[in-house]
Amino acid sequence: MHDDIPTVTLLSGLSIPALGIGTWNMGERPGDASQDIASIRKAIELGMAVVDTAETYADGGSEEIVGTAIKSVRGDVFLVSKVHPANASAQGTIKACERSLRRLGTDHLDLYLLHWRGSYPLEETVDAFEKLKADGKIRDWGVSNFDVDDMEDLFSIPGGKNCAANQVLYNLSRRGPEYDLLPWCQSHGVPIMAYSPIEQGRILSNHELIRIAKAYQATPAQIALAFLLERDGVMPIPKSSNPDRVTENRGASELEISDEDWTALDAEFPPPNSKVPLEMI
Ligand code: NDP
């Protein structure tokens with residue numbers, strides 16, 4: 001692992017990079033495959049070795065792109081995929097995982113997430129996750145889009161406390177989780193994977209973000225990612241199909257932002273002062 005990249009520690013004690021790469025939309029257009037693959041490889045080479053995908057992305061196409069990208073470097077990658085809630089029954093979860101493994105060309109996932117809470121009882125999905133773990137098909141499991149009440153439900157069922165991560169929408173313009181979900185996860189040892197960490201590019205034209213970025217000879221995306229990296233147990237997973245942007249995003253971990261500029265960011269993107277129900281994209 002690259003020594004200078006921040007890490008998060010999982011319940012198992014394993015430390016993994018606090019910066020990864022997302023792959024939503026990859027695999028949708030066959031003509032883009034080489035750029036997608038080059039970007040994922042660049043991320044791994046730079047130590048952003050958490051690669052996030054899901055069975056739903058491009059109907060499995062994203063997992064296939066990831067499979068090609070990681071073929072010769074599987075051992076360097078912390079591989080994450082997700083089961084669609086409609087598949088998250090006792091048997092369905094296992095079959096979905098096996099399909100993902102085939103598309104990814106690997107014999108195990110490092111982390112398998114329930115994409116969002118659906119109609120199958122959590123007990124069923126957790127039992128299936130634990131079975132996949134016992135069979136060596138996944139190393140760990142977690143959830144996504146779970147708010148505090150969902151996490152409390154999860155922790156109240158047998159095995160629920162084995163949850164290794166919660167992947168949620170969290171960025172400068174969506175600070176709701178800071179009110180209760182982030183502290184809850186931090187106090188229960190559950191890392192947050194911050195998805196859409198640059199709000200899919202929409203926050204990058206913010207004038208204050210641009211002003212602060214200029215002061216550090218940085219880019220708005222780097223400041224937005226540095227904001228997340230500053231927080232304990234938070235791992236942003238920006239998606240880019242452009243290797244130069246991946247390199248740019250990696251640079252976020254080298255920034256040291258002054259207290260004065262954090263205060264300026266708080267003024268522009270105020271933290272919540274009451275409960276904000278968890279948002280989803
Ligand atoms: P992001 O906030 O990561 O933004 C991605 C967009 O920003 C892309 O259009 C990308 O374009 C562009 N971009 C990336 N880096 C830069 C940069 N340095 N400067 C300018 N533009 C940039 O959004 P995502 O929604 O993709 O979230 C990240 C990942 O999180 C997903 O890919 C997915 O893996 C996961 N996710 C999970 C969800 C869940 O429900 N669990 C929901 C949504 C996302 P380009 O590729 O052209 O560089």
Side-chain angles (χ1 to χ4, degrees), residues 19-29 31-40 42-43 46 48 50-58 60-63 65-66 69 77-86 88 100 104 109 111-118 141-147 150 165-174 177 181 191-206 209-210 213 218-229 234-255 278-281:
L19 187 57
I21 182 163
T23 66
W24 192 14
N25 295 327
M26 289 191 189
E28 269 169 15
R29 285 177 300 272
D32 296 345
S34 61
Q35 280 296 96
D36 294 340
I37 291 166
S39 297
I40 297 167
K42 175 58 79 178
L46 296 175
M48 300 159 71
V50 176
V51 180
D52 180 75
T53 184
E55 62 170 334
T56 49
Y57 298 166
S62 165
E63 290 182 325
I65 292 280
V66 170
V77 175
F78 186 87
L79 183 59
V80 186
S81 194
K82 313 184 196 81
V83 58
H84 188 285
S100 289
L104 287 159
L109 296 171
L111 182 63
Y112 197 34
L113 307 177
L114 173 60
H115 208 147
W116 63 89
R117 194 172 178 176
W141 62 265
V143 293
S144 177
N145 297 300
F146 270 41
D147 208 341
D150 301 309
N166 184 13
Q167 185 176 121
V168 299
L169 177 58
Y170 179 32
N171 65 47
L172 268 174
S173 66
R174 313 260 197 172
L181 182 61
I192 290 267
M193 298 178 76
Y195 78 67
S196 308
I198 57 169
E199 185 64 17
Q200 301 182 327
R202 287 183 292 272
I203 52 173
L204 305 182
S205 55
N206 176 278
L209 200 52
I210 292 171
T219 64
Q222 288 176 324
I223 303 292
L225 294 171
F227 163 82
L228 294 165
L229 289 169
V234 175
M235 177 208 301
I237 47 166
K239 177 264 173 185
S240 182
S241 298
N242 175 333
D244 291 339
R245 281 182 172 170
V246 172
T247 305
E248 176 188 328
N249 293 345
R250 172 68 175 83
S253 71
E254 277 142 36
L255 288 172
L278 184 63
E279 299 170 283
M280 269 179 86
I281 284 187

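Numbering of residues begins at 1 and proceeds along the displayed sequence. Both counts, for ligands and for their atoms, begin at 1 and track the order of listing. Side chains included, hydrogens not; waters and symmetry mates left out as well; all remaining heavy atoms used.
- Of all non-hydrogen atoms in Lys42 and Pro243, the two that sit nearest each other are CG-O, 3.8 Å.
- Rounding to the nearest 0.5 angstrom, the gap separating the CD1 atom in Ile21 from the OG1 atom in Thr53 is 11.0 Å.
- Ligand 1 has Lys82 within reach: a non-hydrogen atom of the residue lies less than 4.0 Å from it.
- Looking at ligand 1, you'll find an N or O of Ser196 within less than 3.5 Å of one of its N or O atoms.
- At least one heavy atom of Tyr57 sits less than 4.0 Å from an atom of ligand 1.
- Asn145 places no side-chain N or O within donor-acceptor distance of the main-chain N or O of Val168, the cut-off being under 3.5 Å.
- Between Pro197 and ligand 1, at least one N/O pair is under 3.5 Å apart.
- Not one N or O of Ala221 is nearer than 3.5 Å to an N or O of ligand 1, by distance alone.
- Separation of the Tyr57 and His115 ring centroids falls under the 6.0 Å cut-off.
- Nearest approach of Leu109 to Leu104, heavy atoms of both residues: CD2-CD1, 3.5 Å.
- Of all the heavy atoms in Ala165 and Leu111, the pair that sits closest is CB-CD2, 3.9 Å.
- Residue Lys239 has at least one nitrogen or oxygen atom sitting less than 3.5 Å from a nitrogen or oxygen atom of ligand 1, judged on distance alone.
- In terms of protein heavy atoms, atom 29 (C) of ligand 1 is closest to Ile237 O, 3.3 Å.
- Salt bridge status for Lys82 with Asp52: present, with a side-chain N to carboxylate O gap under 4.0 Å.
- Contact annotation for Asn145 and ligand 1: only side-chain heavy atoms (C-beta onward) come within less than 4.0 Å of the ligand.
- Within a 4.0 Å radius of atom 9 (O) of ligand 1, the protein contributes no heavy atom.
- In terms of polar-atom proximity, Ser241 is counted as a contact of ligand 1, with an N or O under 3.5 Å from an N or O of the ligand.
- With a 4.0 Å heavy-atom cut-off, ligand 1 is reached by the backbone of Ser240 and by its side chain too.
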